[in-house]
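Shown next, in structure tokens, is the structure this report addresses.
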Number of protein chains: 2
Amino acid sequence: MKSPAASSSIEDYVKVIYSFTEWQDKPISSTQLAQRLGVANSSVSEMVRKLKDLGLVDHKPYSAVTLTEAGRGLALTVVRRHRLIETFLVEELGYAWDEVHDEAELLEHAVSETFVDRLAAKLGHPTRDPHGDPIPDADGALELPAARLLSELDEGHHGSITRISDDDPELLRYLSREGIDVDTHVEVGPRKPFSGALQVLVSTADGGAGHPAELGEQALHALWVADDTPHEGCTLA
Amino acid sequence: MKSPAASSSIEDYVKVIYSFTEWQDKPISSTQLAQRLGVANSSVSEMVRKLKDLGLVDHKPYSAVTLTEAGRGLALTVVRRHRLIETFLVEELGYAWDEVHDEAELLEHAVSETFVDRLAAKLGHPTRDPHGDPIPDADGALELPAARLLSELDEGHHGSITRISDDDPELLRYLSREGIDVDTHVEVGPRKPFSGALQVLVSTADGGAGHPAELGEQALHALWVADDTPHEGCTLA
DNA sequence: CAATAGATTTCGGTCCACCTAAAATAAGCC
DNA sequence: GGCTTATTTTAGGTGGACCGAAATCTATTG
Ligand SMILES: [Mn+2]
Ligand SMILES: [Mn+2]
Ligand SMILES: [Mn+2]
Ligand SMILES: [Mn+2]
């Protein structure tokens, strides 16, 4: 039932391959994989061959890498560990949400299945991590909330933040300062003429008065919004 | 201030070298080191050379290995991590004391200093782990309780268990069943004729009626007793 | 004090995950 | 369709941690 225990590297590879298609569909290329893992392309080539031998990925030379069922299964356990650990760090150890990623990146390879199960129980079986990413359950099932990238929404749209990409701590700190968190309600305002920055009306989840924030390209591609009421604008407050 | 981050192996080596002299004074030999680490003697020879180059141990060929100040410092941080993690597993995740060692053995290499500090705070800065082993503080200071190995005590002696070696989970389970835990009060009874087993009177810390237990060689060398009142026998109960 | 048994080190070699530089291939463009 | 460019793979090599077998040293002991 349990494969002979994958190395940390293997776990990171399948996790990155999985994550790449979590919020969009194009499979990942060698180069993208290399970038996200911070290793050379050649290293990826070799490792992908190994992953293929292990039955974790499908791969034809010179094309994109996709997970097999086994690979996806492994990836989901790693993602589960990662996100539960992040949740633990925030809820129990008082970490800020921009501090948890690196810590979880290492810890995810060091915890046993028992540990993960007990941790999940202690945390009350959470389904989302501090950044809104879904936490797979022990069987690998997860609920992906319907959401659209903020950069794709038209002016007037509003909804609540469902997910914030956690790979740039700097951005997370900026968003914190602007009062933007998971479940924060936002309304899309006008594009700033040249900068490409978008004006957004931020209101607290409990219907406080909104305040404006300016979000650049980077932020727009890191924020996912639940398509609350995509049609008409019933501004609350 | 911080050395470039030791590998897991290096951390385990210095930890084992340190632990060997925690409750007695003879320094550890190559072979003993190899046994405790589960590696070949030849591997130890090589690694010891590296540790010496790193300034973590003193070593003259063909003799025992001892820690330098730097090595002792590193060892203490590893031990601190290990024991705090064990405490966490028992107190917060409901592990039994025989389950924690292996988990901590891996986790100790994956946690950051920040993690350790916050964990210690959350646990209330404990000074002993679930097996009674002292937990060094952030500066590496630790209080070694005065204690003697149970195997060295004469009949009639009594005192409370201060420390139980945690390297055999099987033994820990046995002791649990016999009602022996850290702070349990025991009185040394007679040696059984040939077996070498010792009869011990076990009473709960809160002065309940005692019951007898039989402890073999293995157990006698794993239990440390605080020299409570080494002189006369004021049997309580 | 020389022989020998036991502990320790050295030697050649493996496996893993990485690297740089060079070769192969796919894709876009005239 | 051929050329060029960008991506991907292969080739050759490194460092870390391990191994078994062989060589070497220490300590005992006869
Ligand atoms: Mn990782
Ligand atoms: Mn996250
Ligand atoms: Mn360890
Ligand atoms: Mn312990």
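Quick note on labels: first sequence line is chain A, next is B, and so on, each numbered from 1.
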From CZ of B:Arg49 across to C1' of C:dT8 the rounded distance in Å is 12 Å
Ring centers of B:Phe88, A:Phe88 separated by less than 6.0 Å
yes
Check this for me, if you would: do A:Glu22 and A:Arg72 make a salt bridge, where the nitrogen-to-carboxylate-oxygen distance has to be below 4.0 angstrom?
no
Quiz question: by atom type and distance under 3.5 Å, do the side chains of A:Arg81 and A:Thr77 form a donor-acceptor pair?
yes
Report yes or no: does B:His59 contribute a side-chain atom to a donor-acceptor pair with the main-chain N or O of B:Ser63 at less than 3.5 Å?
yes
From NZ of B:Lys52 across to C1' of C:dT9 the rounded distance in Å is 13 Å
Please list residues of residues 36-45 of chain A whose heavy atoms come under 4.0 Å from any atom in DNA chain D, ordered by number; otherwise none.
A:Asn41, A:Ser42, A:Ser45
Starting at atom CG of A:Leu33, determine the distance to atom P of D:dT9, rounded to an integer number of angstrom.
10 Å
Step by step, work out the side chain to side chain donor-acceptor pair (under 3.5 Å) result for B:His109 and B:Asp12.
CA-CA 9 Å; B:His109 311 294; B:Asp12 279 338; 2.9 Å; yes
Less than 4.0 Å between a side-chain N and a carboxylate O, is that true for A:Glu46 and A:Arg49?
no
A:Met47 CE - D:dT9 P separation (whole Å)
14 Å
Determine: side-chain N/O of A:His59 to OP1/OP2 of D:dT8, distance under 4.0 Å, yes or no.
no
Using a 4.0 Å heavy-atom cut-off across all strands, classify B:Ser63 as base, sugar-phosphate, or nothing.
nothing
Passes side chain to side chain contact (heavy atoms under 4.5 Å, CB included), A:Val200 versus A:Ile180? Steps please.
CA-CA 10 Å; A:Val200 172; A:Ile180 293 175; 5.5 Å; no
Under 4.0 Å, heavy atom to any atom of DNA chain D: which of residues 22-31 of chain B qualify?
none
Go nucleotide by nucleotide along DNA chain C from the 5' end; which of A:Pro61 and A:Ser7 gets its closest nucleotide reached first?
A:Ser7
Would you please classify the geometry between the B:Trp23 ring and the B:Trp224 ring as parallel, tilted or perpendicular, with 30° and 60° separating the classes?
tilted
Within residues 8-21 of chain B, find the residues that approach DNA chain D with a heavy atom at under 4.0 Å, and present them sorted by residue number.
B:Ser9, B:Tyr13
Starting at CG of B:Leu51 and ending at P of C:dT9, how long is that distance when rounded to a whole Å?
12 Å
A:Gln35 CD to D:dA6 C1', in whole Å, measures 13 Å
NZ/NE/NH1/NH2 to OD/OE distance under 4.0 Å, A:Glu170 and A:Arg173
yes
Tell me the interatomic distance from A:Tyr62, atom OH, to C:dT25, atom P, rounded to whole angstroms.
5 Å
Under a plain distance cut-off of 3.5 Å, with no hydrogens placed, do A:His131 and A:His101 share a side-chain donor-acceptor pair?
no
Below 3.5 Å, does any donor atom in the side chain of A:Glu46 face an acceptor in the base of C:dC16, or the other way round?
no
Geometric cation-pi criterion A:Arg118 and B:Tyr95, 6.0 Å radius, 45° cone:
yes
May I have the distance from B:Lys50 (atom NZ) to C:dT10 (atom C1'), rounded to whole angstrom?
17 Å
Does the distance from a Lys or Arg side-chain N to an Asp or Glu carboxylate O, for A:Lys15 and A:Glu108, drop under 4.0 Å?
yes
